[in-house]
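Below: one structure, written as structure tokens.
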Amino acid sequence: MSELPAFRWSAVLLILLGLVTLQSGTHAASFPATRGRGGAVAAGERAATEAGLEILQAGGNAVDAAVATALALAVVQPDAGNLGGGGFAVVKVGKELASLDFRETAPTAARRDMYLDSDGRPDDAASREGPLAAGVPGTPTGLYVLHQRFGSIPWREVVDPARRLADDGFVVSRRLQLSVADSRKRLERYPETAAVWLPGGEPPQAGSRMRLPALAATLESYAEHGPTALTTGAAAEAIERVSRKYGGILRASDITDYRPVWRQPLTFEAFGWRFASMDLPASGGIIVAQALALLESLDWKAHPRFGAARAHLLAEVLRRSFADRYLLGDPTTTLADSKTLLDPDWLASRRSTIRDQRATPSADVARSPQPTLQESSDTTHLSVADAYGNVVALTTTLNDAYGCGLLVPELGFLLNNQMDDFATAPGHPNMYGLVQGEANAVGPGKRMLSSMAPILGLRGSASVVLGARGGGRIPTAVLQVLLNLLVDDDGLQTAIDRPRLHHQWLPDRLRAEADALSPETRKKLEAWGHQIEVWDRTAMVHAVRRLHDGQYEAAADPRGPGVAGVVDPLP
Ligand code: DON
């Protein structure tokens, strides 16, 4: 047994001891929800969930486990997990609530017209492909400061599961093989990337063992020296070198100067629960907060479940929340904020325009009065709870799958293409079709507006922890899972499994997963003026919760390869 790689050895041990159960999202619907007594992890890949559970098992708290899970995702889920991207975390440790913004920033040399061609038209390729699309990574410093403030076991131990995965190798899943094949064009453009992710010119084969020596060395020095190993000296110069080689503007000083920001969590109440989410530059929490407030006041509970009236209200509310999103951007340039958009008068004025049985055209919503400021495709979400009641919701991303496609050869990780989350030209849709405004124009050092929505729901000793990937569909997925759980009392897995609807103001369409609307409901909604489109199932929610009796539940989204597990399972 001693020749078993360490990560497999620990997983085998845990299973032998009967202390951990894992449940694959792909098959989740056919199993009862995973329940236990000692904490829970839900994340986008099996090895990452295992890393989190291993840390909980070793006595780490929820923050230790969340950081270990995020780092493991940076190895085994290269399309979204990252060191070259950024994200947000909302945590409750003891009685303290905190939220960390480790979103990427625009490089110092960024300019508002940098993605316009010579005729002034937006050039989408420039904000999506190659290093010109990359923001300054926030993950290396972000995960470290999160651990510094709230972690309980040594940093090295938290990095170790990821380092072992990169060093010893991990078994390539069918999903990873297909995902690399899907992004082949993006990855083969750069020899630095192809050398790692298209070995011999082909995607890694499912079932083969993938070793990532450069990334393992990066993780080793990260474990030893902390983030400066990735953000100063030779490492920062390596990022500048490869960026310059392909026309990027990232400079070593941008990398070194990056700082994550602790922000006041966005807190609000709805349906008898208290919530904490991420405020700007994330818009997801604001959208969820607005939508919950409006739906509660529109008597959502009283309308029959799965009926046309609820679908109509959901569409009308989201149409208005996403219209308000147009005003949002980096906290320094935003034209509205959570205070103005959650102001009771503003919510009342939005509510007063919602009509029964009649869709409001999105164009009319855009012309609604706008509040003024009073003063002053790849992402991955993980949820963790520990036995002490601490909880972490963390969403991290490279933006699109494999980010901008360019890998830093000396460091072994990919750079993001988060710059496309800016309004490259105000009014021009980004890759998720989100139409954004002046407030989110490109500017040096600015953070691009995000739809991410890591969120904690709290009531007495109970908590629910969730978030999602899926671009603009992140807040709408999170919202519907919350409604399923807190209004309709679904089990955690059922709440996630149920088909979802989506509306984002523009385009003026109600998007529905294939089985979300019955033919009769669809007919009614169309008669009320909704344009309905059947849409794919790509938003993925991973959640855990702690029930009043101290038991834990974990669930991964069956729409993807996520895996949920608990420590000390109940029979
Ligand atoms: O921050 C955002 O809103 C986007 N960059 C998230 C991207 C995403 O969820 C991609 N996954 N499908």
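No hydrogens, no waters, no symmetry mates; every other heavy atom, side chains included, goes into these values. The chain is numbered in sequence order, starting from 1. Order of appearance sets the numbers: ligands from 1, and atoms from 1 within every ligand.
- Both the sub-6.0 Å distance and the 45° axial angle are satisfied by Arg473 relative to the ring of Trp535.
- Within the 4.0 Å heavy-atom criterion, neither part of Met448 lies near ligand 1.
- Near Met452, the atoms of ligand 1 lying under 4.0 angstrom from a non-hydrogen atom of the residue are 1 (O), 3 (O).
- Judged purely by atom type and a 3.5 angstrom limit, Asp254 uses its side chain to pair as donor or acceptor with the backbone of Thr108.
- Below 4.0 Å from some heavy atom of Ser451 lie the following atoms of ligand 1, by number and element: 1 (O), 2 (C), 3 (O).
- When ring centroids are compared, Tyr190 and Tyr246 come within the 6.0 Å threshold.
- For the pair Arg325 and Trp505, the NZ or CZ position fails the cation-pi test of under 6.0 Å to the six-membered ring centre and within 45 degrees of the ring normal.
- Counted by atom type alone, Arg319 and His503 present one or more donor-acceptor pairs between their side chains at under 3.5 Å.
- Polar contact with ligand 1: absent for Leu449 (N/O pair, distance under 3.5 Å).
- Heavy atoms of Arg103 come nearer than 4.0 angstrom to ligand 1 in at least one pair.
- Checked by distance only, ligand 1 and Tyr432 stay at 3.5 Å or farther apart across all their nitrogen or oxygen atoms.
- Of the heavy atoms in Thr379, both backbone and side-chain atoms come closer than 4.0 Å to ligand 1.
- The side chain to side chain contact (heavy atoms under 4.5 Å, CB included) test with Phe413 is passed by exactly one of Thr218, Leu407, Asn82: Thr218.
- Near Ile474, the atoms of ligand 1 lying under 4.0 angstrom from a non-hydrogen atom of the residue are 9 (O).
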